[in-house]
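First up is the structure itself, then whatever we jot down about it.
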Amino acid sequence: MSEIIHAIRGMNDILPDEAKLWTLVETETARLLGEYGYAMIRIPVVETTQLFSRSIGEVTDIVEKEMYTFADRNGDSLTLRPEATAGIVRAVLEHNLLYDGSEKLWTLGPMFRYERPQKGRYRQFHQIDAEALGYGGPDVDAEQIVMLARLWKRLGISDVELHLNSIGDADARAAHRAELVGYFGRHSDVLDDDARRRLHTNPLRILDSKNPAMQTLVEGAPRLIDFLGAEAREHFDGVTALLAAAGVAYVVNPRLVRGLDYYNRTVFEWVTTRLGAQGTIAGGGRYDALLQQLGGKPAPACGFAIGVERIVLLLGEHGVAAAPAPPDAYIVHAGQGAGAFALRVAEQLRDAGLAVLLHCGGGSFKAQMKRADASLARFAIIVGEDEIGADEVSIKPLRESGEQRRVPRSDAARALRA
Ligand code: HAM
């Protein structure tokens, strides 16, 4: 016998029991996003490599080290999407979706990053991503955050903290950058190779270094929030005032800069202490320059993405289980012509809106009844030669006491409902 083939490291099968929780998370989130006026968009998993290098930034961990990039048969450089924002913005520009001025969109699906796999960090992972495009005010930043707070409540997630920061506009970042280069330059002996390389290309990215040896240095670095211009300051005050009005607690974290280059002003992350090192369950912020940067007319925008695997892990920590959805009935059948008769009964009940499992694979009544019981169905429907002759079915309650009884086939749906 040949050996079985294994899945790729960091790319997981979601087995049926766990998939139920995924469905719960996805349906709750889809409903919530709909309630807040977000429309779904579906975009490709593969895009041109350029799209990501131009938006996320050439000198970022994602673009430098984590992308699944390959040449297709035509020699074009393509990349498995590491995130969804760039693709949504591309689609919005390509289809002129902002002709009305604004659009709220969301999507979900797999993303790919070549990271070192561990609990909560995978190479194929899933995001639910929401973007509000064409909105410049602090109201939309605050609303997205408030919406997430509501989502946690609906999902039964507590123990999450909102980290908030403003990284200002381009001028503030330029001023801050000069300070950063000076600061890190004075401590170049502590910098690792990555940081030394980034010192003159993208010093902001040194701030999200995970290297423990550099943490003290990073802690002491000049903070972007101290460089904010008046408008960015006012915007940030607007966001915090609205959060306070909505009763959503936050921690201003001046060290929060996010790992992607397209952000400006508001950035935020929802963090839990329950998942160890991979505690960020959602992150996002404002990206007012990205549309223009990708060739469109200037338009402000703000968005976030939720890490579905981390939410599911967290629900597990909270002991949340997806409620099973047992069928209304399980049909067992044996004898001459029983298969065809049982199939007619099953389809008739399904026409009436009932959830019905039809036994497949034969076997004795006794063995089939065991299956019926294990399915958690409320009733077994029994079809034998007697029933077929009389155009009837037998109904046996499985979850409560009560006699087995015979009813005309045409009455079966009503009898199950009674
Ligand atoms: P991000 O912070 O890179 O942002 O990812 C968002 C979330 O995706 C993270 O908070 C985390 O929950 C999850 N995530 C990221 N990488 C992994 C991984 N390797 N394994 C498991 N989960 C992961 C973005 O992607 C931005 N596009 C968010 C955004 C939308 N900003 C504006 N609009």
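In this text the structure is predicted, and so the values were computed from the model without any measurement.
Taking 4.0 Å as the cut-off between side-chain N and carboxylate O, Asp373 and Arg399 count as a salt-bridged pair. Taking a cutoff of 4.0 Å between a charged side-chain nitrogen and a carboxylate oxygen, Arg233 and Asp169 do not qualify as a salt bridge. A salt bridge links Glu231 to Arg265: one of the charged nitrogens lies within less than 4.0 Å of a carboxylate oxygen. Between Arg406 and Glu392, at least one side-chain N (NZ, or NE/NH1/NH2) sits under 4.0 Å from a carboxylate O, which counts as a salt bridge. The pair Asp208-Arg258 does not meet the salt-bridge criterion, since no charged nitrogen lies less than 4.0 angstrom from a carboxylate oxygen. Note on Arg123 versus Glu115: no salt bridge recorded, every NZ/NE/NH1/NH2 to OD/OE distance being 4.0 Å or above.
Inter-residue side-chain proximity for Leu24 and Leu315 is flagged as met; some heavy-atom pair is nearer than 4.5 Å. Counting heavy atoms from C-beta on, the side chains of Ile331 and Val383 come closer than 4.5 Å. Put simply, the side chain of Met369 does not reach to within 4.5 Å of the side chain of Tyr330, judged on heavy atoms. The closest side-chain heavy-atom distance from Leu162 to Val271 is not below 4.5 Å. For the pair Phe227/Asp171, no side-chain contact is recorded, criterion being any heavy-atom separation below 4.5 Å from C-beta on. You'll find the side chain of Phe70 reaches within 4.5 Å of the side chain of Val46, heavy atoms only. Counting only heavy atoms from C-beta outward, the side chains of Arg310 and Gln278 approach each other to under 4.5 Å. Between Gln124 and Asn12, the closest side-chain pair of non-hydrogen atoms is not below 4.5 Å.
Just one of Ile306, Leu275, Leu313, Leu148 meets the side chain to side chain contact (heavy atoms under 4.5 Å, CB included) condition when paired with Ile281; it is Leu275. Partner of Leu133 under the side chain to side chain contact (heavy atoms under 4.5 Å, CB included) criterion, out of Leu290, Val140, Leu97, Leu105: Leu105 alone.
A cation-pi geometry, defined here as NZ or CZ lying under 6.0 Å from the six-membered ring centre and within 45° of its normal, holds between Lys104 and Tyr135.
Distance check: Phe341 CZ to Glu385 CD gives 12.0 Å after rounding to the nearest 0.5 Å. The structure places CD1 of Ile388 at 11.0 Å from CZ of Arg409, a figure rounded to the nearest 0.5 Å. Distance check: Ser53 OG to Asp261 CG gives 11.0 Å after rounding to the nearest 0.5 Å. In this structure, CD in Glu66 is found 13.5 Å from CZ in Phe52, a value given to the nearest 0.5 Å. Atom CZ in Arg274 sits 7.0 Å away from atom CG in Leu314 (nearest 0.5 Å). Atoms CG and CZ, from Asp141 and Phe304 in turn, are 12.0 Å apart once rounded to the nearest 0.5 Å.
Counting only distance, with no hydrogens or angles, the side chain of Arg177 and the backbone of Asn202 share no donor-acceptor pair below 3.5 Å. The main-chain N or O of Val25 is never found under 3.5 Å from a side-chain atom of Glu28 such that the two would form a donor-acceptor pair. With Asp72 contributing its side chain and Leu78 its backbone, the two residues share no donor-acceptor pair below 3.5 Å. Side chain of Ser55 to backbone of Ala86: no donor-acceptor contact under 3.5 angstrom is found.
Taking every heavy atom of both residues into account, Arg173 and Leu224 meet most closely at CG-CD2, 3.6 Å.
Enclosure of atom CG in Asp351 by more than 12 non-hydrogen atoms of other residues, nucleotides or ligands within 6.0 angstrom is indicated. In the displayed structure, Glu35 atom CD is contacted under 6.0 Å by more than 12 heavy atoms of other residues, nucleotides or ligands. Remark: Arg344 CZ is loosely packed, at most 12 non-hydrogen atoms of other residues, nucleotides or ligands lying under 6.0 Å away. Dense packing is recorded around CZ of Phe365, with more than 12 heavy atoms of other residues, nucleotides or ligands lying under 6.0 Å away. Heavy-atom contacts from other residues, nucleotides or ligands closer than 6.0 Å to CZ of Arg255 number more than 12. Counting heavy atoms of neighbouring residues, nucleotides and ligands inside a 6.0 Å radius, atom CD of Gln293 exceeds 12 of them. Enclosure of atom NZ in Lys119 by more than 12 non-hydrogen atoms of other residues, nucleotides or ligands within 6.0 angstrom is indicated. Around the CZ atom of Arg150, the shell of radius 6.0 Å holds no more than 12 heavy atoms that belong to other residues, nucleotides or ligands.
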Practice task
Apply the test side chain to side chain donor-acceptor pair (under 3.5 Å) to residues Arg371 and Gln368: give CA-CA distance (whole Å), side-chain angles for both, the deciding distance (0.1 Å), then the verdict.
Solution key: CA-CA 5 Å; Arg371 291 289 188 99; Gln368 292 188 37; over 6 Å; no
Handout entry: Trace of the side chain to side chain donor-acceptor pair (under 3.5 Å) decision for Thr266 with Ser166
Key = CA-CA 4 Å; Thr266 317; Ser166 174; 5.8 Å; no
Practice task
List the steps and the verdict of salt bridge (charged side-chain N to carboxylate O under 4.0 Å, His left out) for Glu64 and Arg205.
Solution key: CA-CA 12 Å; Glu64 283 184 339; Arg205 292 282 74 90; over 6 Å; no
Practice task
Begin with the C-alpha distance, continue with both residues' side-chain angles, and end with the deciding distance and a verdict on side chain to side chain donor-acceptor pair (under 3.5 Å) for Thr85 and Glu83.
Solution key: CA-CA 6 Å; Thr85 310; Glu83 58 110 53; 3.2 Å; yes
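Ring pair His333/His359 is perpendicular by interplanar angle, where above 60° counts as perpendicular and below 30° as parallel.
Aromatic rings from His126 and Trp22 are positioned such that their centres are separated by under 6.0 Å.
No donor-acceptor contact under 3.5 angstrom links the side chains of Asp226 and His176, judged on distance only. Under 3.5 Å, the side chains of Arg113 and Tyr122 contain no donor-acceptor pair of N or O atoms. Between Asn165 and Asn253, the side chains place no donor N or O within less than 3.5 Å of an acceptor N or O (distance only, hydrogens not considered).
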